[in-house]
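All heavy atoms count here, side chains included; hydrogens, waters and symmetry mates do not. Order of appearance sets the numbers: ligands from 1, and atoms from 1 within every ligand.
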Amino acid sequence: MRTAGIIGFPVAHSLSPVFQQAAFEHSGLDVRYEPWATPPSALEARVRSLRWPECLGANVTIPHKEAVIPFLDELGGQSARLGAVNTIVNRGGRLFGFNTDGPGFLAALRNEAAFDPAGARVLLLGAGGAARGIAFALAEARPATIAIWNRSPHRALRLAREVGAAGADATAVPLPDPGGFDLVVNCTSIGMHGGGAERASPCRFEGAIPGALAADIVYRPAETPFLAAAHAAGLRVLGGLPMLIFQGALAFELWTGVPAPTDVMFEAARQALRAEPVA
Ligand code: NAP
């Protein structure tokens, strides 16, 4: 029996144990995936425990994505540039950090919405941790432009500068106005169940291009006010669950070298969400 798990605080709400366990079982791998609730004071010891030979590694979630970095040996992919890790892989006792959020979002766009960001005009709403991962992943996919709006403008300005330095045509914009964009992504927590702004949308869609794609990364509830407003205005919509599954699928493949059974992971996650009490 080998182990993997998710390090966060709290982690009880996480869907990762549900769909990662289903993926291991479907793939015939003898791995137990556990929720590892870890207060900040216990983080170093928890990360040290990942070096044991029976441990494949871990996912990392709020509030530890940045704090784990000093305890790792090497950073791969975009994680060094982002300053945030969501996946740790144990390779012979050495710990490698990765960030699969941005690549997971791109996989969701391509696989679930048949959307290719190359040449697209993109509006990102938000400039927090998830927005950063998505912005850098999008930048590599050669969009025409990336516009970034954020409630706190200085964070949008900083992210636009960094993404611009990575080679994209990126600007911070003062208003969340989807007009003229092919892809609008909600990377804020607005609309998230229990998040304090759950009945709100970060933008309105008057003047948006009909047939453009609106993607939310919030996945509880499945239809957020942002997605409902986009749908009503004639846009195509993509919810947040595919990003969650594909970031997890990429982590699964980093740990095991085996293709992730994404259909099985989707089904397990959807079943768990259906079983949750309605708010
Ligand atoms: P974060 O780093 O805390 O960033 C939060 C973002 O939301 C910031 O841009 C913040 O703006 C903005 N925001 C929060 N409340 C707001 C409000 N009332 N009005 C306007 N803007 C507001 O969080 P994160 O890790 O990026 O996560 C953001 C959301 O994405 C969460 O709902 C999370 O669950 C979801 N997520 C989903 C996936 C997935 O796989 N589907 C992965 C990661 C995250 P300020 O900068 O002004 O505070």
Using a strict 4.0 Å threshold on nitrogen-to-oxygen distance, state whether [X] and [Y] make a salt bridge.
X      : Y      : answer
Lys65  : Asp101 : yes
Arg142 : Glu140 : no
Glu162 : Arg81  : no

Checklist entry - Measuring from each atom of ligand 1, which residues have a heavy atom under 4.0 Å away? => result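 Contacts of ligand 1 under 4.0 Å: Gly126, Ala127, Gly128, Gly129, Ala130, Asn150, Arg151, Ser152, Arg155, Cys187, Thr188, Ser189, Ile190, Met192, Ile217, Val218, Tyr219, Gly240, Met243, Leu244.
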Kindly list each side-chain donor-acceptor pair under 3.5 angstrom involving residues 53-63, sequence neighbours excluded, with atom names and distances?
{"residue": "Asn59", "atom": "OD1", "partner": "Tyr33", "partner atom": "OH", "Å": "2.5"}
{"residue": "Asn59", "atom": "ND2", "partner": "Asn86", "partner atom": "O", "Å": "3.4"}

Item to check | Any residue meeting ring pair (Phe, Tyr, Trp, His ring centres under 6.0 Å) with Phe24, in chain and number order, not counting sequence neighbours | outcome: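 Phe24: ring pair (Phe, Tyr, Trp, His ring centres under 6.0 Å) contacts with Phe252.
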Checklist entry - Which ring pair (Phe, Tyr, Trp, His ring centres under 6.0 Å) pairs, counting each pair once, include a residue from residues 74-127, with sequence neighbours left out? => result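 Pairs touching residues 74-127 that pass the test: none.
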